[in-house]
Amino acid sequence: MKKQLVHAIPIMAILFAFSSCNQGKNENSTDGPRIDTVVTGTVTAELTDPPMVPKQLEYTSPKKVMVELEVIEKVMRIADSTEYTFWTFGGKVPGKFIRVREGDLVDFTLKNMPDSKLPHNIDLHAVTGPGGGAAATMVAPGQSARFQFRALNPGLFVYHCATGPVGMHIANGMYGLILVEPQSGMSKVDKEYYLMQGDFYTKGKFGTPGLQEFDMEKAIKEEADYVLFNGKVNANAGPNALKAKTGEKVRLFVGNGGPNLTSSFHVIGEIFDRVYVESGSLMNKNVQTTVVPPGGSSIVEMKMEVPGTYHIVDHAIFRTFHKGALAQIKVEGPENPNVFLKIKN
Amino acid sequence: MKIILTILSLIICTGFAAGQTSSHSNKKLLKIKKGTYISFFKIGNNQSITVASFYMDEYAVTNEEFLEFVKTNPHWSRSKVNRLFADANYLIHWESDYVIGEAHKAIYKSPVVYVSWFAAKAYCDWKGKRLPTIAEWEMAGKASPRNKIKMPLTEYILEWYRRPNPTVLPNVKSTYCNVYGLYDMHGLVWEWTFNFNSFLSKGDSRASEDDEKKSFCAAASINVNDREDYAAFLRFSYRGSLKGNFCISNLGFRCVKNSE
């Protein structure tokens with residue numbers, strides 16, 4: 001719980017004067033929800049596959065939010081002619097995007113499909129409580145588990161599987177993002193997208209055709225064959241590029257599942273107008289490249305002034321050219337020569 | 001040795017297993033000699049466990065074999081079983097209480113799955129046997145393959161763990177045989193052990209957060225003896241996710257018997 005101590009001091013003084021036995025609770029009454037806030041009504045969370053993000057929330061008082069995620073182990077393409085056995089939260093890598101609001105009471109169910117080979121669980125970094133929910137959600141194939149948590153801190157949080165061996169579960173794609181909107185809501189933008197980076201370790205080198213197995217040795221040595229946005233080479237490039245129009249404000253929710261590599265997140269030809277540093281409450285402006293560590297995230301915003309195709313990269317640039325770390329935003333609309341003009345000789 | 005085994009199986013069949021057909025009476029029990037099992041999770045200072053010699057079923061209990069048990073013990077049939085002892089998935093892959101079904105002919109000799117710990121234990125009791133302990137199972141399971149597998153055993157196991165379940169579960173004895181003569185210790189189904197959820201200490205580890213956290217995340221990385229034995233790690237986390245009444249699509253069992 002964040003504390004605006006400066007604001008809280010006069011209130012605390014009054015509280016201490018009248019009720020000295022209730023400290024620690026009411027000091028936050030000017031900032032953030034009380035942990036015992038009564039929720040009014042129940043909603044079912046909209047869950048989306050990458051690169052889509054659920055609609056901005058319209059309710060303004062804490063709700064009970066029902067979330068159900070399914071663990072699905074399945075073979076999918078990691079590159080056009082290469083397959084991999086992914087372990088997923090909801091059938092895609094990264095997993096479903098979850099959007100709740102600060103103060104919400106989240107009623108969370110994790111279901112492990114009957115066809116799964118292994119047990120799984122979930123540790124949501126948005127949870128205040130033991131293991132982020134991991135111990136409460138350990139589920140064998142065909143079973144489900146349920147727990148409830150209060151979304152106390154606003155921010156964009158990574159969730160991941162925390163079943164041993166954790167590294168292997170994460171390396172196979174078991175991560176996603178949960179956004180806890182602040183009580184005051186988020187500013188309106190024109191487009192919101194979901195991108196999550198992950199590194200993958202396969203027996204065969206990058207692009208080797210056929211079904212590729214996870215390579216434990218390479219994972220331990222941190223020698224990734226693939227570094228990807230949204231789980232597949234070109235998942236959001238070429239015909240699947242993200243889209244925007246000139247003049248539009250775009251917000252990217254960027255996560256990094258890892259397991260190993262920190263992202264130097266950069267959009268070629270754009271400057272982030274605003275960066276929510278590490279997705280926390282600190283706002284930075286005019287940033288070229290922002291760091292997104294494994295198990296961490298960032299929210300970046302930019303206004304797209306000039307039409308064209310913008311490359312989203314990990315600026316540890318060999319990852320982009322040799323390991324797949326590339327996504328694109330296609331911006332359409334009229335040229336803007338006041339901002340950018342190619343001069344003909 | 002053969003004579004002893006034959007006598008043993010005769011005792012089992014005549015003494016404890018009334019009503020059983022003769023085709024199942026000659027299931028081989030193989031002797032696993034006394035040995036040491038290094039516990040996967042660190043237990044205080046004492047990490048190696050001496051395991052007395054015992055006899056183990058040559059292969060996992062099949063659907064056909066389990067059907068005999070259910071026929072003889074109707075309270076273990078799908079419709080009559082006590083839900084405390086088997087969840088709603090119990091024998092869900094059979095046609096009805098006492099019929100595996102024509103449509104499922106391919107699985108008669110496949111390991112029986114969708115059976116709870118209680119059902120597995122009852123079956124072994126009925127056979128005059130018991131479920132193996134984790135130490136017994138792990139000691140028997142780590143024995144080297146003597147056919148079919150060319151890669152290191154750990155890699156073979158990991159490869160199997162990664163593969164999604166097959167649509168039709170293959171027959172018993174369809175994977176490798178190890179030096180004890182045991183079939184399919186890895187590569188076919190997971191198997192129940194007697195003390196599946198007590199590897200972390202207390203009787204009901206599921207009730208204690210302190211026990212559970214040892215198999216999660218960071219805590220787990222410091223409490224295991226061989227942190228690169230990812231195959232064992234997966235097996236232990238699988239066991240840790242179980243409750244006695246769970247019936248799962250890839251979980252079967254085999255029985256053991258004391259050697260005395």
Crowding at [atom1], [X] (>12 non-hydrogen neighbours, <6.0 Å):
X	atom1	value
K203(A)	NZ	yes
F246(B)	CZ	yes
K111(A)	NZ	no
R146(A)	CZ	no
E159(B)	CD	yes

Would you mind reporting whether [Y] and [X] have side-chain heavy atoms less than 4.5 Å apart?
X	Y	result
W190(B)	L118(A)	yes
Q143(A)	D87(B)	yes
P165(A)	L234(B)	yes
R239(B)	P119(A)	no

For this session: Using modelled atom types only, decide if a donor and an acceptor are shared between the side chain of N250(B) and the backbone of S116(A) within a distance under 3.5 Å.
Result: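 Yes; at least one donor-acceptor contact below 3.5 Å.
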
Problem set entry | Heavy-atom donor-acceptor pair, S249(B) side chain to P114(A) backbone, under 3.5 Å |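 Judged by distance alone, yes, a pair lies under 3.5 Å.
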
For this session: Could you walk me through whether W160(B) and K117(A) pass the side-chain contact (heavy atoms from CB on, under 4.5 Å) test, one step at a time?
Result: CA-CA 9 Å; W160(B) 177 66; K117(A) 199 61 147 287; 3.3 Å; yes

For this session: Pick one of side chain, backbone, both or neither for L251(B), based on which atoms fall under 4.5 Å of a heavy atom in chain A.
Result: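 Neither the backbone nor the side chain of L251(B) comes within 4.5 Å of chain A.
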
Problem set entry | Contact origin within H169(A) toward chain B - heavy atom pairs under 4.5 Å | side chain

Exercise. Hey, which of T85(A), N172(A), L211(A) has the most heavy atom pairs under 4.5 Å with chain B?
Worked result: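 Looking at each option in turn, the highest pair count goes to T85(A).
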
Exercise. Can a donor-acceptor pair be found between the side chains of N165(B) and E73(A) at a distance below 3.5 Å?
Worked result: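 Per modelled atom types, N165(B) and E73(A) side chains form no pair under 3.5 Å.
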
For this session: Nearest 0.5 Å please: distance from the CG atom of N112(A) over to the OG atom of S241(B).
Result: 8.0 Å

Exercise. Should M138(A) and S237(B) be marked as a side-chain contact (heavy atoms from CB on, under 4.5 Å) after you check the CA-CA gap, both sets of side-chain angles, and the distance that decides it?
Worked result: CA-CA 9 Å; M138(A) 186 73 166; S237(B) 67; 4.1 Å; yes

Exercise. Where do W87(A) and Y161(B) come nearest, in terms of heavy atoms and distance?
Worked result: CZ2-O, 4.5 Å

Problem set entry | Closest non-hydrogen atom pair, G142(A) against N89(B) | O-ND2, 4.5 Å

